[in-house]
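Structure, as C-alpha cells:
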There are 2 protein chains.
Amino acid sequence: MDKKKFISFLADRNLKLTRERDEIFQAVLAKKKHFAPDDLFLEMKTGGSKISRASVYRTIPLLVESGMIEEVERVDKHAHYERVPENGHHDHMICTRCGRVIEFYSEGLEELQARICTQKNFKGTRHSLEILGVCEKCGS
Amino acid sequence: MDKKKFISFLADRNLKLTRERDEIFQAVLAKKKHFAPDDLFLEMKTGGSKISRASVYRTIPLLVESGMIEEVERVDKHAHYERVPENGHHDHMICTRCGRVIEFYSEGLEELQARICTQKNFKGTRHSLEILGVCEKCGS
DNA sequence: ATATAATTGAGACAGAGTCTCAATATCACT
DNA sequence: AGTGATATTGAGACTCTGTCTCAATTATAT
C-alpha cells in the first residue's frame with residue numbers, strides 16, 4: 001500500500017486529499033504494530049499535530065476500505081487495527097495470561113475456509129480468526 | 001451446561017450462589033440467540049427483576065469461564081454472547097449487507113487449528129472465527 | 001480566480017462498561 | 001439455628017470509545 005494508491009482511492013470516490021488525511025496516513029504508515037484509534041489520535045496530538053479526534057475516527061474507515069489496514073482482534077473492548085502487511089494476511093493467537101499476540105498464517109486454513117464458503121454460497125471477503133489460550137512462556 | 005455445573009464452578013472458586021447470580025443464570029438459559037449484556041439487563045429489569053447493571057456485567061465473565069456461554073461476533077461496537085449449544089461449538093459467517101449470521105461447523109477446520117497450535121506450542125482453549133462477506137440472498 | 005462541494009475542529013452527546021463503598025447476604029462451622 | 005468471616009450487592013458517578021452537529025475552512029475543477 002503506497003500513497004499513490006490511497007490518493008487514487010480517494011479520487012475514485014470524489015474524496016479530497018486533505019492535509020489531515022495525509023497526516024493520518026503517514027502516522028499509520030509509521031505504525032509497526034496493532035493500534036487503537038484513540039491512541040493514534042493521542043499520539044498525533046502529543047506529537048504536535050492539530051488533528052481532531054473526529055478526523056481520526058473518520059479517516060480510519062477509509063484506510064480500511066482502501067486496503068491499507070484491517071481490523072484485528074478485540075480481546076479488548078475497543079477496535080484495533082494493523083497495517084495490512086506486505087507479506088499478506090495472517091491470523092492471531094492471543095495468550096489470555098500475558099496478552100501476547102502470535103501471528104500465524106496457514107494456507108490450508110485459508111483454503112478450507114474458501115471451500116466452506118463455496119458450500120454455503122457465501123462470498124467471503126475477509127475473515128478474522130483468533131485462537132485464545134496460553135502461550136509457550138505462560139504455559140509452565 | 002446445567003445448573004449443577006455452574007454451582008460447582010462457583011464453589012470451586014469460593015464464590016457464592018446468590019439470588020442475583022441465579023436470576024442471571026436463568027435469564028441466560030432462556031436465551032436462544034445472541035444477546036448483548038445491556039439488553040439482557042434491560043429485559044430483566046422490564047421483567048420485574050431488581051437486578052443491577054453491575055451484577056449483570058459482573059456475572060457474565062463467570063458464565064463465560066464456566067463454559068455456559070461464549071463471546072461471539074463483534075461486527076457491532078459492543079460484546080455479544082450466546083449459549084454454548086448442546087451440539088457444540090460453531091463459527092460464524094456474517095453478511096456485511098444484511099447482517100445475517102450464518103452458523104457453521106467444520107471438523108476439518110477444528111483439527112487444522114489444533115495442529116497449528118501444537119506447532120506453535122500454544123495451548124488453544126477456544127477460538128472465534130468470523131468470515132465476513134456477502135450472503136446468498138444479498139449476493140445477487 | 002472562483003464556485004461548489006467536501007472537510008474540518010470543537011465540543012456536546014451517546015452508549016458500553018467499570019468502580020466505589022456502605023449495606024446486605026451467603027456459607028462454613030458450630 | 002446462630003454466628004462470624006467473607007463475598008456480594010445496588011446506585012449512580014465515572015471513564016472511555018466513538019458519533020454527531022454545524023459554522024468556518026479548504027481542495028479541486030473550471
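To find a chain, count down the sequence lines: A is the first, B the second, and so on, and within it residues start at 1.
For B:Ser52, no side-chain nitrogen or oxygen approaches OP1 or OP2 of D:dT9 to under 4.0 Å. The side chain of B:Thr18 contributes an N or O atom lying less than 4.0 Å from OP1 or OP2 of D:dT9.
For A:Lys120, the salt bridge (Lys or Arg N to Asp or Glu O under 4.0 Å) criterion is met by no residue, not counting sequence neighbours. Taking the salt bridge (Lys or Arg N to Asp or Glu O under 4.0 Å) definition, one finds that A:Glu110 meets it with nothing, sequence neighbours left out. For B:Glu43, the salt bridge (Lys or Arg N to Asp or Glu O under 4.0 Å) test picks out B:Lys31, with sequence neighbours left out. Evaluation of the side chain to side chain contact (heavy atoms under 4.5 Å, CB included) rule for B:Asp22 yields B:Lys3, B:Leu17, B:Gln26 as partners, not counting sequence neighbours. With sequence neighbours excluded, the residues that form a side chain to side chain contact (heavy atoms under 4.5 Å, CB included) with A:Ala36 are A:Asp39, A:His78, A:His80.
Between the CG atom of A:Asp38 and the P atom of D:dT15 there is a distance of 15 Å, given to the nearest Å. Atom CG in B:Asp22 sits about 14 Å away from atom C1' in C:dA25, given to the nearest Å. Rounded to an integer number of Å, the gap from B:Phe41 CZ to D:dG10 P is 9 Å. Following rounding to the nearest Å, B:Tyr57 (OH) and D:dG12 (P) show an atom-to-atom distance of 17 Å. The CZ atom of A:Arg13 sits 20 Å away from the P atom of C:dA5 (whole-angstrom rounding). Distance CG (A:Asp39) to C1' (D:dG18): 13 Å, rounded to an integer number of Å. Atom CD1 of B:Ile7 and atom C1' of C:dC27 are 13 Å apart (whole Å). Rounded to whole Å, the distance from NZ on B:Lys50 to C1' on D:dT8 is 18 Å.
Between the side chains of A:Tyr105 and A:Glu107, at least one donor-acceptor pair of N or O atoms lies under 3.5 Å. With hydrogens and angles left out, the side-chain atoms of B:His92 and B:Glu130 include no donor and acceptor closer than 3.5 Å. Using a 3.5 Å distance cut-off with no hydrogens or angles, the side chains of B:Glu82 and B:His90 do pair a donor with an acceptor.
Here the side chain of A:Glu20 is nearest to one of C:dT8, C:dT7, D:dG18, namely C:dT8. Closest to the A:Leu17 side chain, of the nucleotides D:dG18, D:dT28, D:dG10, is D:dT28.
Pairs of residues two or more places apart, or lying in two chains, that qualify as salt bridge (Lys or Arg N to Asp or Glu O under 4.0 Å) and include a residue from residues 44-58 of chain A are A:Asp38-A:Arg53. Listed by first and then second residue, the salt bridge (Lys or Arg N to Asp or Glu O under 4.0 Å) pairs that reach into residues 8-17 of chain B are B:Arg13-B:Glu65, sequence neighbours excluded.
For A:Ser55 (side chain) and A:Ile51 (main-chain N/O), no donor-acceptor pair under 3.5 Å exists by modelled atom type.
Put simply, the side chain of B:Leu40 does not reach to within 4.5 Å of the side chain of B:Tyr81, judged on heavy atoms.
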For nucleotides 1-6 of chain D, tabulate all protein N/O to nucleotide N/O atom pairs closer than 3.5 Å, reporting atom names and distance.
from, atom 1, to, atom 2, distance (Å)
D:dT6, O2, B:Lys16, NZ, 2.6

Nucleotide N/O to protein N/O under 3.5 Å, stretch nucleotides 21-23 of chain D:
none

Under 3.5 Å between N/O atoms: give me all the protein pairs with nucleotides 28-30 of chain C, atom names plus distance.
none

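Between B:Arg21 and A:Pro37, the residue whose closest nucleotide on DNA chain D is further toward the 5' end is B:Arg21.
Taken over five-pair windows at either terminus, the axes of the helix from C:dA1-D:dT30 to C:dT30-D:dA1 are inclined to one another by 40° (rounded to 10 degrees).
Hydrophobic cluster of B:Ile131: the remaining members, joined at side-chain heavy-atom separations below 4.5 Å, are A:Met93, A:Ile102, A:Phe104, A:Leu109, A:Leu112, A:Ile116, A:Phe122, A:Leu129, A:Ile131, B:Met93, B:Ile102, B:Phe104, B:Leu109, B:Leu112, B:Ile116, B:Phe122, B:Leu129, listed by chain and number.
Hydrophobic clustering keeps B:Val28 apart from B:Tyr57 (ILVMFWY residues linked when any side-chain heavy atoms are closer than 4.5 Å, directly or through intermediates).
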